[in-house]
Protein chains: 2
Amino acid sequence: MQIRNNIRRLLQYRMCLIRFRELGFERVYSYSLGREAGVSPEQIRKDFSRFGIKGNKRGGYLISELLDSLNYIFGKNELQDVILIGVGNIGMALARYNCGFFKRRKYIVAGFDIDPSKIRKINEIPVLPMEVMPRFVKENGITVGIMAVPAISAQEICNMLVNAGIKGIMNFAPIVLKAPREVVIENINLCNVLESVIYCANYARDDLGVLEC
Amino acid sequence: MQIRNNIRRLLQYRMCLIRFRELGFERVYSYSLGREAGVSPEQIRKDFSRFGIKGNKRGGYLISELLDSLNYIFGKNELQDVILIGVGNIGMALARYNCGFFKRRKYIVAGFDIDPSKIRKINEIPVLPMEVMPRFVKENGITVGIMAVPAISAQEICNMLVNAGIKGIMNFAPIVLKAPREVVIENINLCNVLESVIYCANYARDDLGVLEC
DNA sequence: ATGGTTATGTTATTATTTTCACAAAAAGTG
DNA sequence: CACTTTTTGTGAAAATAATAACATAACCAT
Ligand SMILES: NC(=O)c1ccc[n+]([C@@H]2O[C@H](COP(=O)([O-])OP(=O)(O)OC[C@H]3O[C@@H](n4cnc5c(N)ncnc54)[C@H](O)[C@@H]3O)[C@@H](O)[C@H]2O)c1
Ligand SMILES: NC(=O)c1ccc[n+]([C@@H]2O[C@H](COP(=O)([O-])OP(=O)(O)OC[C@H]3O[C@@H](n4cnc5c(N)ncnc54)[C@H](O)[C@@H]3O)[C@@H](O)[C@H]2O)c1
């Protein structure tokens, strides 16, 4: 679990670097990247060091080299196929964003839903009935799925995905999914995130000993 | 920043407790709640202890009492109004989910967009032109906003929000927003989350010294 | 060249978070 | 009522993570 923050930060750095490159910069320094990414310069150097990424003493980092290194780490050269289960509000938003994912070399290749009215193409993505999901996963060697289904069905679908051979799940249902240790699960609970922001913004009362977030 | 995980976990616990209550349970124990929330029992007791929440030695925790305590902490009795800026793919998904937020006593009272075609009611929520946003915020004492706008406009809108008096922002644009320290910002970068899941699932190669996530 | 300057890379230090361990309270039992 | 069992609450210990410190390499100006 420890390495997860590290990776999240590296991805953040990459995002910033892409923006820097678009703005025409060639080099960054740990402090300039840090300012952009909201991270201390030392932290950045530490993160790079951990993944064996080297810069030039005195010269900072060459953005293009840095991006190459990061892309190598994140296997950015191959296109990464993922599937989407549940094409409702959130699922639809993600499907419609597919060209955004594609720019990052991620691609939703298929959606799945139990609602027959959803079985149609959405933004070029075929939405298929749930029954064919396991076969689709196996035949196409899919390893990662995005779940945007109601909480009540979430664990069941998680089990289906795991049985089909999925290795990573990004889950929007407000429930902590249980799966074998080797399956990576990221639970994104938007209500909780919103609520924690509201709490920190409004209710961080002194009498709870909470001074800042 | 330290307290943030704490709060996130408390919200997770509350979610689990609500489910337990719906299933007809009266009591939980740190280990049963822990199993459900994917957290160690000690961690749960520590979290409760930090917020002065007490259970019954030998008797665990009464779910109703626990929920009362948590609701008190999170100011759950009042309805919390938030606004939404950018009613595109993600913004629309959130707006359509408003009754889900309402169950948690959160409510999107208005949306704002620059696109004139978006200026209409969506799921009962009035979508208004950007120009009226600052006044709306001030007149209605709004403290928290959700941003679902393109990255290019995000910082500018963040500044507008902060100037209007917003104290907390939940941001979906893939950029690290900069704001005064006292403003709470939560950047939700869905691409990065997906990418980190993919990385951990597929690419945690031994030669990087990464064995598990 | 050479000396000064600057930004990295890494080690040491400090802070934070999690886990462990166990005393103490409550509840049940004979 | 003593004795056992169970589960909390918390201080101590261990593990992690973040920050600081600084030696070192590269560059620049003279
Ligand atoms: N939309 C939001 O803004 C939002 C916010 C917070 C949390 N969530 C959570 O995200 C999840 C999805 O939310 P949503 O608003 O998109 O819901 P939704 O009801 O709009 O969509 C759910 C989709 O899943 C499909 N589905 C239901 N059961 C299924 C099954 N067994 N197999 C396959 N497909 C199935 C439905 O047909 C529907 O298309 C929910 O768990 C919700 O609680 C959503
Ligand atoms: N949709 C996704 O699944 C997804 C995934 C990852 C990241 N994101 C990020 O979330 C953000 C929103 O994504 P989306 O897919 O909903 O985008 P979108 O283009 O569908 O919606 C953006 C909305 O913001 C409005 N807008 C643009 N500029 C504005 C301004 N200056 N003031 C007010 N409103 C303005 C647009 O009119 C539009 O309605 C983007 O930054 C995107 O990168 C989205």
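Letters A, B, ... mirror the listed sequences (proteins, then strands); counts begin at 1. Just so you know, these numbers come straight off a predicted model, no measurement behind them.
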Practice task
For the pair B/F101 and B/Y97, name the ring-plane relationship: parallel under 30°, tilted 30 to 60°, perpendicular over 60°.
Solution key: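 Perpendicular: the ring planes of B/F101 and B/Y97 meet at over 60°.
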So does [Y] get a backbone contact from the side chain of [X], meaning a donor-acceptor N/O pair under 3.5 Å?
{"X": "B/K46", "Y": "B/I44", "answer": "no"}
{"X": "B/E186", "Y": "B/N171", "answer": "no"}
{"X": "B/S69", "Y": "B/E65", "answer": "yes"}

Atom [atom1] of [X] and atom [atom2] of [N]: how far apart are they, to the nearest Å?
{"X": "A/F48", "N": "C/dA7", "atom1": "CZ", "atom2": "P", "value": "16 Å"}
{"X": "A/N6", "N": "D/dA17", "atom1": "CG", "atom2": "P", "value": "8 Å"}
{"X": "A/K57", "N": "D/dC22", "atom1": "NZ", "atom2": "P", "value": "15 Å"}
{"X": "B/N5", "N": "C/dT19", "atom1": "CG", "atom2": "P", "value": "12 Å"}
{"X": "B/L33", "N": "D/dT7", "atom1": "CG", "atom2": "C1'", "value": "14 Å"}
{"X": "B/R27", "N": "C/dA27", "atom1": "CZ", "atom2": "P", "value": "8 Å"}
{"X": "B/D47", "N": "C/dT16", "atom1": "CG", "atom2": "P", "value": "17 Å"}
{"X": "B/R58", "N": "D/dT8", "atom1": "CZ", "atom2": "C1'", "value": "12 Å"}

Exercise for the section: From the options D/dT8, C/dT18, D/dA18, select the nucleotide whose nearest atom is closest to the side chain of B/Q43. Expected result: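 In terms of side-chain proximity for B/Q43, the closest of D/dT8, C/dT18, D/dA18 is C/dT18.
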Handout entry: Nearest-neighbour nucleotide for the B/S49 side chain, D/dG9, C/dT10, D/dT10 considered
Key =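 The answer is D/dT10.
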Practice task
Nearest 0.5 Å please: distance from the CD atom of B/E22 over to the CZ atom of B/R19.
Solution key: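 Between B/E22 CD and B/R19 CZ, I get 8.0 Å after rounding to 0.5 Å.
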Practice task
Look up atom CZ in A/F74 and atom CZ in A/R14, then write down how far apart they are to the nearest 0.5 Å.
Solution key: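 If we round to the nearest 0.5 Å, A/F74:CZ and A/R14:CZ are 6.5 Å apart.
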Exercise for the section: Could you check whether A/Y61 gets within reach of a base, just the sugar-phosphate, or nothing at all, counting any heavy atom under 4.0 Å? Expected result: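 If one applies the 4.0 Å heavy-atom cut-off, A/Y61 turns out to touch the sugar-phosphate alone, with no base involved.
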Practice task
Quick one: label B/Y31 by what it contacts on the DNA or RNA (base, sugar-phosphate, nothing), any heavy atom closer than 4.0 Å.
Solution key: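 It contacts sugar-phosphate atoms only.
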Exercise for the section: Taking side-chain hydrogen bond (donor to acceptor under 3.5 Å, both in side chains) as the test, write out the residues that go with B/D113, two or more places apart. Expected result: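 In terms of side-chain hydrogen bond (donor to acceptor under 3.5 Å, both in side chains), with neighbours along the sequence ignored, B/D113 is linked to no residue.
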Can you find a side chain N or O atom of [X] that sits less than 4.0 Å from OP1 or OP2 on [N]?
{"X": "B/K46", "N": "C/dA21", "answer": "no"}
{"X": "B/K54", "N": "C/dA24", "answer": "no"}
{"X": "A/R45", "N": "C/dT8", "answer": "yes"}

Handout entry: Upstream residue (5' side of DNA chain D) when A/G59 and A/S40 are each assigned their closest nucleotide
Key =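 The 5'-side residue here is A/S40.
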Handout entry: Residues within residues 16-24 of chain A bordering DNA chain D, heavy-atom distance below 4.0 Å
Key =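 Correct list: empty, so none.
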